[in-house]
Amino acid sequence: MRNFIISIRGGRPLAGDVAVAGAKNAALPELAAVCLASEALELANVPQVEDIRVMVAALRALGAEGQGEDIVLDGPQGRRVRLAMPQLRTPLVSPEVARTTRASVLLLGPMLARCGEARVSMPGGCPIGERKIDFHLLGLERMGAEIRAEGEYLVARCRRLRGIDFTFPGKTVTGTENLLMAAALAEGTTVLRNCAREPEVADLAALLAGMGADIEADGEETWVVRGRAALHGARHRVIPDRIEAGTYLIAGCFAGNDVRVKGVMPAHLGSLLETLAAMGADIQVGAGEFHACGGRALRPAAVVTEPYPGFPTDLQAQLTTLLTQAEGVSRVRETIFNDRFRHVNELKRLGADIEVRGDEALVRGGARLHGAVLRTTDLRASAALVLGGLAASGETRIENAYQLFRGYEDMPGKLQALGAEIAIEEE
Ligand code: EPZ
């Protein structure tokens with residue numbers, strides 16, 4: 001894996017438009033849905049990020065074929081991916097894929113549903129704490145799958161999945177998505193309760209319906225799926241990436257001189273908007289866009305990450321960076337993952353005053369940040385460190401920065417267009 005160093009000369013005001021790409025965490029399950037039909041899926045607005053490239057490569061290894069300009073990640077049509085799975089050539093997801101992105105677990109349900117077999121290397125992905133998949137496996141076993149570990153692989157088999165009435169023991173985004181896809185081809189009706197409510201789940205359900213699945217929501221946390229014998233191809237546009245949008249909105253709140261974040265769905269960021277408004281940030285919400293200006297004194301905040309519609313864990317690190325610029329002491333409690341404060345030590349190298357006690361970080365704001373050499377560990381922490389570099393005076397260098405490209409489409413280029421002094425070089 002090529003690696004990069006990002007260098008930033010901070011303190012520059014940011015101004016202008018930044019367009020948000022399609023949601024990585026919607027496109028990943030929607031690509032996995034290619035396994036469910038023999039006809040082509042055409043996804044528009046797919047973000048050009050590493051995790052997507054890895055998922056597309058995994059699908060091709062499973063037998064997915066493109067027609068013509070099948071995988072057009074940089075094409076004039078924007079990011080369009082067109083893939084079909086006439087038959088599943090081999091039900092094996094390689095360790096290389098699984099080590100790169102945890103989203104490879106999303107292939108388990110569709111592969112079982114399509115061909116009754118799946119061999120998936122144990123998922124890897126971000127080192128942000130224990131990333132269990134027991135809820136996924138519990139649901140699939142209840143649907144009739146036999147799943148066992150064979151070395152580093154999970155091996156799953158079933159004759160045909162059957163519908164169940166299943167309540168998730170806890171909120172899981174990819175667990176909900178895995179079982180929705182499995183249920184689409186299962187025999188009989190599946191009722192899934194205590195489902196994750198993230199917008200990416202509803203976007204996947206919309207794609208499945210477009211493929212002919214009989215799927216409907218029953219309230220906010222329950223889905224009812226009547227299994228079909230087969231699904232057909234479909235065309236779908238991926239929803240905007242709310243985490244990318246939130247990241248640029250936060251940047252605008254401390255460095256903005258009218259940053260306009262465009263192509264967003266404000267309703268997907270209610271909790272962040274409430275938090276920033278309570279801090280006194282200068283934000284205008286328009287139709288499909290945010291305007292943010294810095295320069296205001298920001299009040300501290302008390303934030304707890306929660307499943308949607310609560311404050312998203314994927315914006316916790318980025319908000320922590322903003323809180324170092326607020327006037328007063330803020331509290332950030334991370335309840336979703338048990339090791340998602342790895343950005344804190346790096347922010348402290350910039351001069352931030354943060355103390356982590358268990359699942360809570362105490363952020364003493366008002367720190368004047370100064371440049372430093374940092375090393376990032378995971379996708380959203382890398383975004384938080386870039387924001388820190390923008391806020392710091394002098395030069396900041398961020399090593400191991402390939403992480404950023406796993407989930408952000410050309411962040412250095414988008415920030416340069418806003419006036420940031422930022423460059424990338426290969427490590
Ligand atoms: C999805 O991960 C996202 N990834 C994550 O985004 C996001 O942080 C997370 O949801 C929470 O919103 C994708 O959608 C590809 P979970 P996922 O299953 O599905 C526990 C990013 O930066 N749990 O909702 O893997 C689990 O340990 C990434 O884009 C179980 O105990 O997360 C965690 O504590 C990072 N058993 C919590 O639930 C299970 O079977 C939430 O996990 C599944 C999960």
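Everything numeric in this text was worked out from a predicted model, so none of it was measured. Throughout, residue positions are numbered sequentially from 1 according to the sequence presented. Order of listing sets the numbers, starting from 1, for every ligand and every atom in it.
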>> Give me the atom names and distance for the closest heavy-atom approach of Leu185 to Ala230.
In response: CD2-CA, 3.8 Å

>> Hydrogens and angles aside, do Gln87 and Ser38 bring a side-chain donor and acceptor to less than 3.5 Å of each other?
In response: no

> Taking atom types as modelled and ignoring hydrogens, do the side chains of Gln403 and Thr376 form a donor-acceptor contact shorter than 3.5 angstrom?
Replying inline: no

> Under a heavy-atom criterion of less than 4.0 Å, does Arg340 contact ligand 1?
Replying inline: yes

[X] to ligand 1: N or O pair under 3.5 Å?
| X | result |
| --- | --- |
| Glu177 | no |
| Ile336 | yes |
| Asn25 | yes |
| Ala103 | no |

> Going by heavy atoms in the side chains, are Thr174 and His136 under 4.5 Å from each other?
Replying inline: yes

> What part of Glu200, side chain, backbone, both or neither, has a heavy atom within less than 4.0 angstrom of ligand 1?
Replying inline: neither

>> One residue to check: Leu379. Relative to ligand 1, which of side chain, backbone, both or neither has a non-hydrogen atom less than 4.0 Å away?
In response: side chain

> Do NZ/NE/NH1/NH2 and the carboxylate oxygens of Arg157 and Glu117 come within less than 4.0 Å?
Replying inline: yes

>> Whether Arg193 and Glu221 form a salt bridge (side-chain N of Lys/Arg under 4.0 Å from carboxylate O of Asp/Glu) is what I want to check.
In response: no

>> As a check for students: among Leu138, Asp134, Asp314, identify the option with a heavy atom nearest to atom 5 (C) of ligand 1.
In response: Asp314

